[in-house]
Protein chains: 2
Amino acid sequence: MRTAKSPSFQPLYIQIKTLIVDSLDAGEWRPGDAIPSEIELAARFRVSQGTVRKAIDALAAHHLVVRRQGKGTFVATHTEEKASMFRFLRIRRNDGRAEYPASRLIDVRRARAPAETARLLGLKTGEPVIVLRRVLEFEDAPVVLDEIVLPAALFKGLTRAKLEAYRGSMYSFFETRFGVRIVSAREKLTAIAADAATAQILQLRPGDPLLAVERVTSTYGDRPVEWRRGLCSTRHCYYVNELR
Amino acid sequence: MRTAKSPSFQPLYIQIKTLIVDSLDAGEWRPGDAIPSEIELAARFRVSQGTVRKAIDALAAHHLVVRRQGKGTFVATHTEEKASMFRFLRIRRNDGRAEYPASRLIDVRRARAPAETARLLGLKTGEPVIVLRRVLEFEDAPVVLDEIVLPAALFKGLTRAKLEAYRGSMYSFFETRFGVRIVSAREKLTAIAADAATAQILQLRPGDPLLAVERVTSTYGDRPVEWRRGLCSTRHCYYVNELR
DNA sequence: CAGTGGTCTAGACCACATC
DNA sequence: ATGTGGTCTAGACCACTGG
């Protein structure tokens, strides 16, 4: 463990944090598993428990791990309770009812990445991707039309059948079936007019306003692994955001 | 300082944090000022420096204060650099140029709070409010039409002339002229069709899609002090959001 | 130089979960 | 009873700022 001053000096706890992220990235501990206790990690890295604690605090603040007093520290997962399954879903019902949407798959196809998508995903133009479309529904009322683009190399063997057989959220599916763990996303929101095809799917009229949510989703180290665009009817829903 | 166990037990550093927020709320230190050093605060509250540090860490994480190594800890302000003046502005230009918008005031009037607005602001229906409208412009191109509702009791003496004479952001104005300090906000986003009047102001056609951003803004202790709705043309701009 | 926040350590004790 | 994370303390030293 480097502690001396140097041009590229970083505090010990940041170095420890990086080492833990590396282990998460390498799959040393799986989502939902406990990572070693603070005392064990302190021994492994030859630092004090307080330094490990500060590293883990930073990881917990970014939701890479979850601390549970008396039990341990666990790798964050999209698989367990609803709250963590839908951590990235910002759509809420106008009537305030806390309901999570159902997903209905429209189609899955193979394609080659267009230039712009490739750039956002860190691929070369024309690399193979999987494109899927789905509708999110609240009580059978369609609300969001999603188009999702995935690098084929990361999601080998993804088929319509497997996705339809899966019970759980999209990111739970990524994590469980492909070992792709989602940790952050960056979204751009705009308002657009519905085209005829979208209007039909969302039971609107062409030209009706839609909230367009473009998202680049990343795994550990901010490596992008998914691009998606959701077209959202906001007649009965809205997008919520907290600013601090 | 209570340290014993009790039904309403709170960790010491949380109690300290609450005391510091109370002082901020009471105006003991003004925005931009340094608060006392960690050592002084530790002496005042009869706790260790480490406990004060943890309290201040929590305040800094929520942007109520800003730490500067070697100099001190300062009360957060919307008045100084651009980055802090526009901390709550999530609108970005499509072309990526990092420009901040100019504000052009349309009108200022007195009114009585409608039921829904009153509820959101914690007022009684019909209490006096100030309603102002303005346009945000990038390089003279109108992008956002804002309608802003303020409790008249908190903003006594706000006039069109004073607002137009002020150089700086809206929240800087609140803070400097009325001692109203903005610390958090909750937004709801929808897509709507432009009406004729809005379309004219934003140089669009009636029916064009707009991003509607409704915001309730709060001061210390999550007490709401502003309601606003921004109608945003997203032809040349978008709303950005980070999810973690 | 003195004063500030930032890091790191070691140890004590508390709160919670499990056996 | 044991092991986990959570709090609190005291002290040493580092890094940055400004007189």
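Below, read A as the first sequence line, B as the second, and so on, with proteins coming before strands; counting in each chain starts at 1. The figures here come from the full heavy-atom set of this structure, side chains too, leaving out hydrogens, waters and symmetry mates.
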**Q** Give the minimum heavy-atom separation between B/F88 and A/L243, together with the two atoms involved.
**A** O-CD1, 3.8 Å
**Q** May I ask you to decide if A/V240's main-chain N or O and B/E187's side chain share a donor-acceptor pair within less than 3.5 Å?
**A** no
**Q** Between P on C/dG3 and CG on B/L41, what's the gap in Å once rounded to a whole number?
**A** 17 Å
**Q** What residue pairs, at least two apart or across chains, pass salt bridge (Lys or Arg N to Asp or Glu O under 4.0 Å) with a residue in residues 76-86 of chain B?
**A** B/R68-B/E80
**Q** Starting from P on C/dC14, measure out to CD1 on B/I14 and report it in whole angstrom.
**A** 20 Å
**Q** Choose from C/dT4, C/dG5, D/dG5 the nucleotide whose nearest atom is closest to any side-chain atom of B/R53.
**A** C/dG5
**Q** If only side-chain N and O atoms of A/T51 are considered, is one of them under 4.0 Å from the OP1 or OP2 phosphate oxygen of C/dT9?
**A** yes
**Q** How long is the line joining CD1 of B/I39 and P of C/dA2, in whole Å?
**A** 14 Å
**Q** How about A/F178 and A/L150: do any of their side-chain heavy atoms sit closer than 4.5 Å?
**A** no
**Q** Could you tell me whether the phosphate oxygens of D/dG3, OP1 or OP2, come under 4.0 Å of any side-chain nitrogen or oxygen in A/K71?
**A** no
**Q** Examine A/R181 relative to A/Y220 and say whether NZ or CZ is less than 6.0 Å from the centre of the six-membered ring and inside a 45° cone about the ring axis.
**A** no
**Q** Rounded to the Å, how far apart are A/D57 CG and C/dT7 C1'?
**A** 14 Å
**Q** Taking only the side-chain heavy atoms of B/T73 (C-beta and beyond), determine which of D/dC8, C/dG5, C/dT9 contains the nearest atom.
**A** C/dG5
**Q** Rounded to whole angstrom units, what separation is found between the CZ atom of A/F9 and the P atom of C/dT7?
**A** 8 Å
**Q** Where along residues 21-38 of chain B does a heavy atom come under 4.0 Å from DNA chain D, residue by residue in number order?
**A** none
**Q** Nearest-Å distance, CD (B/Q49) to P (D/dT9)?
**A** 11 Å
**Q** What is the distance, rounded to the nearest whole Å, between atom CD1 of A/I16 and atom P of C/dT7?
**A** 14 Å
**Q** Closer than 4.0 Å, any side-chain N/O of A/Y13 to the OP1 or OP2 of C/dC8?
**A** no
**Q** Using atom CD of B/E40 as one end and atom P of C/dT4 as the other, report the distance to the nearest whole Å.
**A** 6 Å
**Q** Determine whether A/Y239 and A/T234 satisfy the following criterion, side-chain contact (heavy atoms from CB on, under 4.5 Å), listing intermediate values before the conclusion.
**A** CA-CA 8 Å; A/Y239 181 104; A/T234 57; over 6 Å; no
**Q** Would you indicate, yes or no, if D/dT4 has its OP1 or OP2 atom less than 4.0 angstrom from a side-chain nitrogen or oxygen of A/R68?
**A** no
**Q** Of all the choices, C/dG5, D/dG5, C/dT9, which nucleotide is nearest to the side chain of B/Q69 once you look at every atom?
**A** C/dG5
**Q** With the side chain counted from C-beta on, respond yes when B/F155 and B/V180 share a heavy-atom pair under 4.5 Å apart, and no when they do not.
**A** yes
**Q** Select one nucleotide: of C/dG5, D/dG6, C/dT7, the one nearest the side-chain heavy atoms of A/P11.
**A** C/dT7
